[in-house]
Amino acid sequence: MIRRAIYPGSFDPITFGHLDIAERALGLFDEVILAVARNDQKKPLLSHEERIHLATEATKGIKGHERLKVIGFNSLLVDCARKQDAIALVRGLRAVSDFEYELQLALINRNLSPQLETLFLMPKENFIYLSSTIIKELARHKADISHFVTDSVATALKSKFP
Ligand code: ADP
């Protein structure tokens, strides 16, 4: 039996923090599905297609990437997880500030799909303060973001803030 995990998020855009979590998940599971949520209600800066494309490019650089697949989804997360035959749902936990929302999400998802276990992974300290929101803010002010995202992501963000 293949032990497959799903790692969902908006990835607007994917950062080194996300990649750190994906790599850790690959260390625990046979396969990881990085699932990019459409999330139109969050008014993402990048289109769904752009986010999927950048996530696909960025994950090519991580250890075990041949066991990772990037997909897009626009359904209920637990339905997507079921369709992908995932046994676990991976989320990243940075600080206490993430905890309340993540706990709520995990408990609701357990209610909807009792078999699907949520697993929280902590990133390397350097990425604890990193978020897609901060990256977009830095890019808007034309700051150097090369320590936080891949070159393709940096280029894509530059084109959004000419
Ligand atoms: P969402 O809109 O679902 O929160 P995000 O793309 O912001 O999507 O985040 C997806 C997941 O990755 C979340 O579990 C989030 O906590 C985690 N994450 C985001 N940034 C980091 C980071 N720097 N280090 C570790 N986990 C992170």
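Order of appearance sets the numbers: ligands from 1, and atoms from 1 within every ligand. Note that this is a predicted model, so its numbers are computed, not measured.
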Pairing of [X] and [Y] as salt bridge, 4.0 angstrom limit:
| X | Y | answer |
| --- | --- | --- |
| D12 | K136 | yes |
| R24 | D20 | yes |
| E66 | K60 | no |

message = According to side-chain hydrogen bond (donor to acceptor under 3.5 Å, both in side chains), who are the partners of H65, at least two apart in sequence or on a separate chain?
response = none

Under the side-chain hydrogen bond (donor to acceptor under 3.5 Å, both in side chains) test, residues paired with D30 that sit two or more places apart = none

Show me the donor-acceptor pairs within less than 3.5 Å that the side chains of residues 145-153 make with the rest of the protein, sequence neighbours left out.
| residue | atom | partner | partner atom | Å |
| --- | --- | --- | --- | --- |
| S146 | OG | D144 | OD1 | 2.7 |
| S146 | OG | D144 | OD2 | 3.4 |
| T150 | OG1 | V153 | N | 3.4 |

query = Using a threshold of 4.0 angstrom between heavy atoms of the protein and any atom of ligand 1, which residues qualify?
reply = Y7, P8, G9, S10, F11, G17, H18, I21, K42, R91, G92, R94, D98, E102, P123, F127, L130

